[in-house]
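The analysis underlying the following values was restricted to heavy atoms, covering all of them including side chains, and did not include hydrogens, waters or symmetry mates.
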Amino acid sequence: MALHRLLEALEAAGSARAVRELDAEGRLAAAIPELEAGRGFEQPELHYYDILDHNLAAVAAIDAVLGDGEDNRELRDAISWIDLDASLSREVGGVPLPALVRLAALLHDVAKPHTAIISDGRLRFPRHGPRGAELMRERLPALGLPSEATDLVARLIRYHLRPGELIRNGAATDRAVRRFVADLDGHVLPLLLVGLADGMATRGPGYTRENYRRHCAFVNYVAARAWAVSDEGERPLVTGDDLIAELDLAGGRLLGAVLTSVRRAQLERTITTRHEALALARSVMETLKAAE
């Protein structure tokens with residue numbers, strides 16, 4: 001019954017409000033006791049909320065991103081080459097994908113209280129993603145969540161910081177992106193949505209429209225890189241590594257925008273050779289740089 005009520009809340013139009021009602025009734029902690037440790041657990045630096053409220057705010061962020069307002073329109077503009085509705089219309093283990101994305105958002109920092117340490121005078125949460133995945137691989141099946149759905153949610157929790165790690169030392173290599181896609185079993189877009197919600201919930205009211213615009217551009221970059229290394233469908237004419245080498249591109253958002261333009265042109269058959277793809281990439285890069 002606990003899982004049924006939770007999934008029902010996560011599938012609701014106003015899921016964040018429904019989940020908060022479960023919390024007020026004590027049903028959320030009864031279903032997932034590990035969340036309770038985050039109540040009142042203050043976070044450092046940029047974080048506006050305590051850990052539990054941050055997790056709940058991430059669910060509200062998913063509502064905004066997938067709703068019918070400005071956040072949804074701006075995301076769709078940024079990833080216009082992706083059919084967002086079709087990508088989210090399927091089920092995993094019999095559970096609608098949007099509900100599982102919201103569940104992962106709710107649980108993405110569940111292990112922070114369990115991993116908290118003081119290092120160099122600062123509060124840190126080392127490996128809270130992997131630890132959270134371990135905790136939920138035990139908790140969610142006990143609630144009755146199907147194994148396939150549990151696996152997806154656990155991967156989204158484990159790797160929710162991975163996109164940022166990809167570009168920590170500059171533009172990601174195709175090898176690193178390919179490994180990232182494999183670790184997620186191909187569920188790149190759901191992870192990027194959880195990461196977007198995490199960013200929105202971190203700063204709370206301090207999160208600006210410019211922050212969101214930049215984050216959507218980053219979502220587009222990672223999605224484009226993931227598509228470019230995928231073995232599914234038509235082989236891409238150029239990869240991210242090609243553009244890094246040929247165009248001396250290092251910036252994440254610019255590289256993603258160029259890859260997206262080349263992808264769209266290839267799918268529309270306006271380019272059919274590697275030479276044409278590189279020529280288009282150079283033109284797009286020059287245009288975007290001139291507009292900065």
Give the intermediate values and the outcome of side chain to side chain contact (heavy atoms under 4.5 Å, CB included) for residues Leu100 and Leu10. CA-CA 8 Å; Leu100 295 176; Leu10 292 169; over 6 Å; no

Side chain of [X], backbone of [Y]: donor and acceptor closer than 3.5 Å?
X      : Y      : result
Ser283 : Leu280 : no
Asp50  : Gly40  : yes
Glu246 : Asp242 : no
Ser87  : Asp83  : yes
Glu25  : Leu22  : no

Between [X] and [Y], does any side-chain N to carboxylate O distance fall below 4.0 Å?
X      : Y      : value
Asp77  : Arg73  : no
Asp183 : Arg162 : yes
Lys112 : Asp109 : yes
Glu286 : Arg282 : no
Glu134 : Arg158 : no
Arg139 : Glu34  : yes
Asp23  : Arg39  : yes
Arg17  : Asp63  : no

Out of curiosity, does [Y] fall in the hydrophobic cluster containing [X] (side-chain heavy atoms, cut-off under 4.5 Å, transitive links)?
X      : Y      : result
Leu247 : Leu237 : yes
Tyr48  : Phe41  : no
Tyr49  : Val19  : no
Val229 : Leu243 : yes
Phe218 : Ile244 : yes

Start with the C-alpha distance between Tyr212 and Val65, add both sets of side-chain angles, then the distance that settles side chain to side chain contact (heavy atoms under 4.5 Å, CB included), and finish with yes or no. CA-CA 10 Å; Tyr212 187 73; Val65 169; 3.8 Å; yes

Does atom CZ (Arg122) have a neighbourhood of more than 12 heavy atoms from anything else shown, all under 6.0 Å?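 Atom CZ in Arg122 is not crowded, with 12 or fewer foreign heavy atoms closer than 6.0 Å.
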
For atom CG of Asp68, decide whether the heavy atoms of other residues, nucleotides or ligands shown that lie under 6.0 angstrom number more than 12.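 Atom CG in Asp68 is not packed in, count stays at 12 or less.
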
Distance in Å, [X] [atom1] paired with [Y] [atom2], rounded so as to fall on 0.5 Å steps:
X      : Y      : atom1 : atom2 : answer
Leu259 : Asn220 : CG    : CG    : 9.0 Å
Leu3   : Leu143 : CG    : CG    : 5.5 Å
Asp241 : Arg178 : CG    : CZ    : 8.0 Å
Leu75  : Asp71  : CG    : CG    : 9.0 Å
Glu165 : Phe180 : CD    : CZ    : 10.0 Å
Arg179 : Asp174 : CZ    : CG    : 11.5 Å

Are the side chains of [Y] and [X] in contact, using a 4.5 Å heavy-atom criterion?
X      : Y      : result
Leu123 : Ile117 : no
Leu193 : Leu156 : no
His128 : Leu161 : yes
Thr202 : His54  : yes
Val188 : Leu191 : no
Arg203 : His47  : no
Asn55  : Leu107 : no
Leu103 : Val59  : no

Verify salt bridge (Lys or Arg N to Asp or Glu O under 4.0 Å) between Arg102 and Glu11, making sure each step is shown before the conclusion. CA-CA 9 Å; Arg102 289 186 175 97; Glu11 293 174 27; over 6 Å; no

Decide yes or no on side chain to side chain contact (heavy atoms under 4.5 Å, CB included) for Arg27 and Glu21, but give the supporting numbers first. CA-CA 9 Å; Arg27 295 177 181 269; Glu21 289 174 358; over 6 Å; no

Begin from the C-alpha positions of Leu189 and Leu84 and carry the test side chain to side chain contact (heavy atoms under 4.5 Å, CB included) through to its verdict. CA-CA 9 Å; Leu189 182 59; Leu84 184 62; 3.8 Å; yes

Ignoring hydrogens and angles, state whether a donor on the side chain of Arg131 or Thr115 is under 3.5 Å from an acceptor on the partner side chain.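 Side-chain D/A pair, Arg131 to Thr115: absent.
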
Verdict with reasoning, Arg225 to Tyr221, per side-chain hydrogen bond (donor to acceptor under 3.5 Å, both in side chains): CA-CA 6 Å; Arg225 292 299 309 274; Tyr221 162 69; 3.2 Å; yes

Heavy-atom closest pair, residues [X] and [Y]:
X      : Y      : result
His215 : Gly195 : CE1-O, 3.3 Å
Ile167 : Ala172 : CG2-N, 4.4 Å
Pro146 : Gly93  : CG-O, 3.2 Å
Val153 : Ala104 : CG1-CA, 4.1 Å
His160 : Gly129 : CE1-CA, 4.0 Å
Ala58  : Ala197 : O-CB, 3.4 Å

